[in-house]
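Heads up, the thing below is written out as structure tokens.
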Amino acid sequence: QVQLVESGGGSVQAGGSLRLSCAASRDSYSSDCMGWFRQAPGKGREGVATIYTVADITYYADSVKGRFTISRDNAKNTLTLQMNSLKPEDTAMYYCAADPYSNYATCRRLAPRSFDYWGQGTQVTVSS
């Protein structure tokens, strides 16, 4: 059974940090590619960061490079997103997603349409 449950969202001032977690079922945690996406009000869903689990390679959107870090905790079947130096434009609903059968080229595109399984999301609000 595939299950993804996000936590860790909240409200923070600009410059602050948050750490998002995604508890994954064993089936979803074994996916070839896992990632974080976000959707702001009135905008489409966009890729934030992905990890190609086969080779443990990470990819980031240009807007978050150097500020966000995606990682996995294999002991806890958890995907995390450490967010530092947060900006008001980072405000969005953040989603965890899994693509069970992926490849290097697909995973690095950070394209939402490539992902089959999604969590319910956790809200992040950054005030100026």
Side-chain angles (χ1 to χ4, degrees):
Q1 182 179 358
V2 176
Q3 188 174 17
L4 300 166
V5 180
E6 302 95 335
S7 63
S11 297
V12 65
Q13 288 191 326
S17 299
L18 282 174
R19 185 178 181 87
L20 305 184
S21 294
C22 174
S25 62
R26 186 165 58 183
D27 286 346
S28 54
Y29 194 76
S30 62
S31 296
D32 290 344
C33 183
M34 297 186 74
W36 288 96
F37 297 79
R38 66 187 181 187
Q39 187 166 14
K43 295 188 177 182
R45 192 167 296 189
E46 64 172 354
V48 174
T50 57
I51 181 167
Y52 184 52
T53 65
V54 176
D56 203 25
I57 302 174
T58 57
Y59 311 100
Y60 297 91
D62 289 342
S63 59
V64 306
K65 278 181 182 176
R67 300 189 297 124
F68 290 11
T69 302
I70 187 172
S71 61
R72 301 202 316 159
D73 184 337
N74 294 331
K76 298 180 180 179
N77 281 11
T78 299
L79 181 73
T80 63
L81 184 69
Q82 178 66 42
M83 306 186 294
N84 299 328
S85 302
L86 282 161
K87 305 175 181 180
E89 51 263 44
D90 295 318
T91 295
M93 184 71 79
Y94 282 71
Y95 298 91
C96 172
D99 181 7
Y101 306 107
S102 185
N103 55 54
Y104 166 81
T106 300
C107 194
R108 68 181 300 190
R109 283 201 292 262
L110 285 80
R113 65 180 182 274
S114 300
F115 288 74
D116 297 322
Y117 303 110
W118 294 84
Q120 294 300 306
T122 185
Q123 178 67 38
V124 171
T125 302
V126 184
S127 58
S128 57

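What you see is a predicted model, and the numbers here were worked out from it, not measured in a lab.
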Decide whether Tyr94 and Val12 are clustered together by the hydrophobic rule: side chain heavy atoms of Ile, Leu, Val, Met, Phe, Trp, Tyr closer than 4.5 Å, transitively.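 Same hydrophobic cluster.
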Same cluster for Met34 and Val64 if Ile/Leu/Val/Met/Phe/Trp/Tyr side chains link at under 4.5 Å?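 Same cluster: Met34 reaches Val64 through Ile, Leu, Val, Met, Phe, Trp or Tyr contacts under 4.5 Å.
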Straight-line distance of [X] [atom1] to [Y] [atom2], nearest 0.5 Å:
X      : Y      : atom1 : atom2 : value
Cys33  : Tyr101 : SG    : OH    : 14.5 Å
Thr80  : Glu6   : OG1   : CD    : 13.0 Å
Tyr52  : Thr58  : OH    : OG1   : 14.0 Å
Leu86  : Arg67  : CG    : CZ    : 6.5 Å
Cys107 : Asp99  : SG    : CG    : 7.5 Å
Trp36  : Ile51  : CH2   : CD1   : 12.5 Å

Apply salt bridge (Lys or Arg N to Asp or Glu O under 4.0 Å) to residues Lys87 and Asp90 and explain how you reach the verdict. CA-CA 5 Å; Lys87 305 175 181 180; Asp90 295 318; over 6 Å; no
Among Asp73, Asn77, Asn74, Thr53, whose side-chain hydrogen bond (donor to acceptor under 3.5 Å, both in side chains) with Tyr29 holds?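 Among Asp73, Asn77, Asn74, Thr53, the one that satisfies the side-chain hydrogen bond (donor to acceptor under 3.5 Å, both in side chains) with Tyr29 is Asn74.
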Min side-chain heavy-atom separation Asp27-Gln3 under 4.5 Å: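 Asp27 vs Gln3: side chains apart.
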Do Leu79 and Ile70 have side-chain heavy atoms sitting under 4.5 Å apart?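 SC-SC contact between Leu79 and Ile70 confirmed.
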Considering non-hydrogen atoms only, spot the tightest contact between [X] and [Y] and give its length.
X     : Y     : value
Arg38 : Ala92 : CB-CB, 3.8 Å
Ala98 : Ser31 : CB-OG, 3.5 Å
Leu81 : Val48 : CD2-CG1, 4.2 Å
Gly47 : Phe37 : CA-CD2, 3.3 Å
Lys76 : Thr78 : O-OG1, 3.0 Å

Is it true that Asp56 and Arg72 have a side-chain N and a carboxylate O under 4.0 angstrom from each other?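 Salt bridge: no.
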Partners meeting ring pair (Phe, Tyr, Trp, His ring centres under 6.0 Å) with Tyr59 (sequence neighbours left out):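 Tyr104.
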Show me, pair by pair, the donor-acceptor contacts under 3.5 angstrom made by side chains of residues 14-22, not counting sequence neighbours?
unit_1: Ser17; atom_1: OG; unit_2: Asn84; atom_2: OD1; d: 3.0
unit_1: Arg19; atom_1: NH1; unit_2: Gln82; atom_2: OE1; d: 3.1

Can you name the side-chain hydrogen bond (donor to acceptor under 3.5 Å, both in side chains) partners of [X], sequence neighbours left out?
X     : result
Tyr60 : none
Thr50 : none
Ser28 : Ser25

Between side-chain atoms of residues 110-120 and protein atoms elsewhere (two or more places apart, or another chain), which donor-acceptor pairs fall under 3.5 Å?
unit_1: Trp118; atom_1: NE1; unit_2: Phe115; atom_2: O; d: 3.2

